[in-house]
Amino acid sequence: MGAAFGNVMLPSKIAATHIVPCAKETEQILHSMYESLGTGLVPLVSEWPNANNLIFNDGPLTRKDDRRDIARQRFAEPETIAPTAETEDEERQRSQMIYYVECIPAGTWLLQQIYSKLPLDQMELGCLFDGLSAFLVSPTIGGRSAAGYGQVQLKIQGIVGNETVNWPQEWPESIQTAIKSYQGYLKEKQADLLKVLTVAREES
């Protein structure tokens with residue numbers, strides 16, 4: 001999936017298109033993707049709505065500054081600066097900021113394509129589908145998922161090697177084997193991986 005270690009960029013073998021809503025204005029963009037799907041997976045093109053019927057603003061919402069919220073400081077040290085009159089006033093301004101979010105209504109069909117640019121070995125295939133499996137436990141896209149936004153119902157259709165993938169059916173046996181191999185590798189190398197990640201964090 002690509003990565004970066006220090007100033008070294010590692011290219012990915014996986015490519016993913018944008019997540020595009022099915023609308024009359026996007027028909028040409030999605031044509032090749034739509035034609036490859038099985039019948040009944042996506043509504044007929046004639047039933048796709050106009051894009052101007054898909055977007056609406058939700059709000060007003062208020063923004064809170066997360067930098068001093070210890071519960072949200074998962075990967076960074078929270079600020080411990082003693083508050084002053086100036087910082088307290090600044091804090092009030094931050095928490096009182098009002099904004100709107102652009103949404104699409106429930107029931108909108110979205111299409112995305114994921115494909116490999118280069119052949120994947122069993123470990124790489126296991127990594128991809130282990131990540132997909134984790135995402136499918138609670139699939140959301142976009143922001144404000146904690147407030148219930150962005151919940152999606154996924155259908156996955158594709159080909160891996162000589163096998164067909166049709167989610168929500170179970171992954172083919174070869175993919176399940178690849179996932180187990182990948183998870184086993186992570187457990188086996190857990191100490192080494194944590195050591196590398198710890199060193200990288202201390203250096204940064």
Side-chain angles (χ1 to χ4, degrees), residues 1-21 29-30 32-33 36-37 63 65-79 101-102 104 110-147 149-204:
M1 295 183 186
F5 290 91
N7 61 352
V8 179
M9 297 289 292
L10 303 178
S12 68
K13 289 187 175 183
I14 297 294
T17 66
H18 292 291
I19 301 175
V20 182
I29 300 173
L30 299 176
S32 60
M33 201 185 308
S36 66
L37 297 174
R63 175 186 177 276
D65 186 8
D66 294 335
R67 291 183 299 171
R68 293 183 178 87
D69 187 346
I70 297 176
R72 293 182 180 271
Q73 296 295 331
R74 299 177 184 174
F75 305 109
E77 292 295 329
E79 292 188 6
V101 291
E102 197 171 65
I104 55 177
L110 309 166
L111 288 180
Q112 182 184 33
Q113 186 177 35
I114 299 176
Y115 58 94
S116 62
K117 298 178 287 184
L118 296 167
L120 304 180
D121 61 28
Q122 187 184 50
M123 204 68 67
E124 293 165 336
L125 189 66
C127 176
L128 172 62
F129 278 89
D130 187 52
L132 276 176
S133 299
F135 173 67
L136 290 168
V137 172
S138 180
T140 61
I141 57 175
R144 292 185 55 77
S145 59
Y149 287 70
Q151 296 180 24
V152 290
Q153 180 181 6
L154 263 72
K155 293 184 179 180
I156 301 175
Q157 186 179 92
I159 297 174
V160 176
N162 297 321
E163 294 186 294
T164 301
V165 175
N166 280 298
W167 178 268
Q169 298 176 18
E170 286 190 353
W171 303 130
E173 186 174 345
S174 62
I175 291 177
Q176 293 186 44
T177 301
I179 292 173
K180 290 177 182 177
S181 297
Y182 171 69
Q183 292 175 342
Y185 176 83
L186 289 184
K187 291 177 181 177
E188 179 185 343
K189 301 292 184 180
Q190 182 178 8
D192 294 336
L193 290 169
L194 288 174
K195 183 178 178 181
V196 171
L197 293 173
T198 302
V199 170
R201 182 176 178 181
E202 288 175 352
E203 290 178 349
S204 62

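One is the number of the first residue; the rest follow in order along the sequence.
Here the shortest heavy-atom pairing between L154 and W167 reads O-CD1, 3.5 Å. When every heavy atom of G143 is checked against every heavy atom of Y149, the shortest pair comes out as O-CB, 3.5 Å. Across all non-hydrogen atoms, the minimal contact from P21 to I19 is CD-O, 4.0 Å. Here the closest non-hydrogen pair linking E173 and E163 is N-OE2, 4.4 Å. Taking both residues in full, the closest heavy atoms of S36 and Q157 are given as O-OE1, 3.9 Å, listed atom of the first, atom of the second, then distance. When all heavy atoms of M9 and A4 are compared, the pair lying nearest together is SD-CB, 3.7 Å.
Interatomic distance, CD of Q113 versus OG of S32, reported as 6.5 Å (0.5 Å rounding). Distance check, rounded to the nearest 0.5 Å: OG of S181 to CG of L186 gives 11.0 Å. How far CD of Q151 is from OG of S138: 7.0 Å, rounded to the nearest 0.5 Å. Taken to the nearest 0.5 Å, the NZ atom of K187 stands 14.0 Å off from the CG atom of L193. Atoms CD and CG, on Q122 and L120 in that order, are 11.5 Å from each other to the nearest 0.5 Å. The CG atom of D130 lies 12.0 Å from the CE atom of M123; values are rounded to the nearest 0.5 Å.
No side-chain heavy atom of S174 sits less than 4.5 Å from a side-chain heavy atom of V160. Looking only at side-chain heavy atoms (C-beta outward), F135 and I141 come within less than 4.5 Å of each other. Using a 4.5 Å heavy-atom threshold, the side chains of K195 and D192 count as separate. I156 places none of its side-chain heavy atoms less than 4.5 Å from the side chain of I114. Residues S12 and K117 meet the side-chain proximity criterion, which asks for heavy atoms closer than 4.5 Å. Counting only heavy atoms from C-beta outward, the side chains of P172 and V165 approach each other to under 4.5 Å. Side-chain contact between T17 and M33 is present, with heavy atoms from C-beta onward closer than 4.5 Å.
With a 6.0 Å radius and a threshold of 12 heavy atoms from other residues, nucleotides or ligands, L10 has its CG atom above the threshold.
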